[in-house]
Amino acid sequence: MATLALAAVCCGLYPLIVFGIGQTAIPYQANGSLMADKDGTVRGSRLLGQSFTSDRYFHPRPSAAGNGYDAANSSGSNLGPTSQKLNDLINARFIDYRRENGLADTDSVPADAVTASGSGLDPHISVRNAELQIPRVAKATGMSVEKLRGLIEQHTDGRAFGVLGDPGVNVLLLNLALDTLAAKP
C-alpha cells in the first residue's frame with residue numbers, strides 16, 4: 001500500500017502540482033523561454049545556443065553537443081588540456097575565426113570564440129567576441145558600425161547579482177534584432 005501511495009503522490013500528484021504552479025506563476029520560463037517573431041514562428045530559446053553561419057549574423061561560440069547545438073546530446077568534448085586533438089581543434093578555430101572576421105594572424109582572439117562551453121549550448125558570447133565580429137556583419141548587412149555597437153549594448157546581459165561572471169551577449173536575441181532592423185525600410 002505504501003508503494004502505491006508513494007507512486008500516486010510522487011509520480012502523479014506532485015508533478016501535476018509543480019506543472020500547475022509553473023504554468024500559473026511563470027509560464028514564459030516554464031515553457032522554455034521561447035522567442036517568436038511577429039508572425040508567431042518560434043525562432044529559438046533565449047536559454048539555448050544555436051548555429052548561425054551566415055556572414056550577416058553574429059556567430060555563437062563553438063558547440064561540442066552532438067553535431068553542434070543538439071540539446072539531446074548536451075555535453076562538453078571531454079578533451080583535456082594535454083589532448084593533441086583539442087589543441088589541433090582550437091588552432092583550426094583560431095585560423096577560421098581570424099579569417100572570417102578579417103583579423104591579422106597576430107591579433108588576439110577571445111577564448112569563447114575557439115572553445116565550446118561545458119554544455120555545448122551556451123547562448124552567450126563575450127562582448128569582445130561580438131565586437132570583433134562587427135566589421136564582418138556591417139559589411140554583409142550594410143549597417144553602420146555604430147548601429148551594430150548599439151545593438152550589442154542593448155543585448156548584453158550584465159553580471160549575475162551585479163558581481164558574478166562577466167557580461168555576455170545573447171546571440172539569438174542579437175540576431176533577431178538584426179533581422180528586425182533589416183526588415184525595416
Side-chain angles (χ1 to χ4, degrees), residues 15 18-80 86 89-90 92-94 96-97 100-101 109-134 136-137 140-141 148-183:
V18 171
F19 176 78
I21 290 171
Q23 293 299 315
T24 304
I26 52 170
Y28 174 72
Q29 294 87 340
N31 291 309
S33 302
L34 300 177
M35 301 301 300
D37 55 20
K38 290 180 182 178
D39 67 358
T41 303
V42 174
R43 297 295 178 193
S45 169
R46 72 180 304 129
L47 303 175
L48 298 174
Q50 59 187 25
S51 181
F52 290 94
T53 57
S54 171
D55 283 346
R56 63 175 272 94
Y57 290 117
F58 287 89
H59 296 176
R61 70 184 299 169
S63 174
N67 291 325
Y69 302 100
D70 180 2
N73 289 310
S74 173
S75 69
S77 68
N78 288 332
L79 298 174
L86 178 63
L89 185 61
I90 289 174
R93 288 175 180 164
F94 269 118
D96 291 344
Y97 186 86
E100 74 182 17
N101 292 299
V109 173
D112 67 303
V114 295
T115 58
S117 66
S119 69
L121 300 173
D122 189 355
H124 293 89
I125 59 174
S126 66
V127 174
R128 181 70 181 137
N129 188 347
E131 289 172 344
L132 287 173
Q133 296 183 53
I134 288 175
R136 173 181 47 80
V137 175
T141 62
L148 292 171
R149 282 191 201 285
L151 278 177
I152 289 171
E153 192 173 303
Q154 290 173 7
H155 295 90
T156 298
D157 297 330
R159 299 172 185 269
F161 308 111
V163 294
L164 299 176
D166 291 323
V169 180
N170 189 305
V171 178
L172 174 64
L173 299 181
L174 179 59
N175 287 336
L176 288 175
L178 277 174
D179 282 344
T180 301
L181 285 177

Pairing residues for [X] by the side chain to side chain donor-acceptor pair (under 3.5 Å) criterion, not counting sequence neighbours:
X: Asn101; value: Arg136
X: Thr115; value: Arg61
X: Asp55; value: none
X: Arg128; value: none

Are any of the side-chain heavy atoms of Leu181 and Thr141 separated by less than 4.5 Å? no

Heavy-atom check, side chain of Leu48 versus side chain of Pro123, under 4.5 Å: no

For Asp157, enumerate each residue passing the salt bridge (charged side-chain N to carboxylate O under 4.0 Å, His left out) test, keeping only those at least two apart in sequence or located in another chain. none

Which residues share a salt bridge (charged side-chain N to carboxylate O under 4.0 Å, His left out) with Arg56, sequence neighbours left out: Asp179

My understanding is that only residues two or more places apart in sequence, or in another chain, count here; which of them pass side chain to side chain contact (heavy atoms under 4.5 Å, CB included) with [X]?
X: Asn31; value: Gln23, Pro27
X: Gln154; value: Leu151
X: Thr24; value: none
X: Leu79; value: Ser77, Ser83, Lys85, Leu86

For the [atom1] atom of [X] and the [atom2] atom of [Y], what is their distance to the nearest 0.5 Å?
X: Ile134; Y: Glu131; atom1: CD1; atom2: CD; result: 6.0 Å
X: His59; Y: Ser54; atom1: NE2; atom2: OG; result: 6.5 Å
X: Tyr69; Y: Ser119; atom1: OH; atom2: OG; result: 9.5 Å
X: Ser117; Y: Ile125; atom1: OG; atom2: CD1; result: 12.5 Å

With Phe52, which residues qualify under ring pair (Phe, Tyr, Trp, His ring centres under 6.0 Å), at least two apart? Tyr57

Extract all donor-acceptor atom pairs below 3.5 Å that involve side chains of residues 162-176 and protein atoms in other chains or at least two apart in sequence.
unit_1: Asn170; atom_1: OD1; unit_2: Leu172; atom_2: N; d: 3.2
unit_1: Asn170; atom_1: OD1; unit_2: Leu173; atom_2: N; d: 3.2
unit_1: Asn170; atom_1: ND2; unit_2: Arg46; atom_2: O; d: 2.9
unit_1: Asn175; atom_1: OD1; unit_2: Phe58; atom_2: N; d: 2.9
unit_1: Asn175; atom_1: ND2; unit_2: Phe58; atom_2: O; d: 2.9
unit_1: Asn175; atom_1: ND2; unit_2: Val171; atom_2: O; d: 3.4

How close do Ala116 and Ala64 get, counting heavy atoms only, and between which atoms? CB-N, 3.8 Å

Between Val114 and Phe94, the two heavy atoms sitting closest are CG1-N, 3.7 Å

Can any side-chain N or O of His124 pair as donor or acceptor with the backbone N or O of Pro60 at less than 3.5 Å? no

Exceeds 12 heavy-atom contacts within 6.0 angstrom, atom CZ of Phe161: no

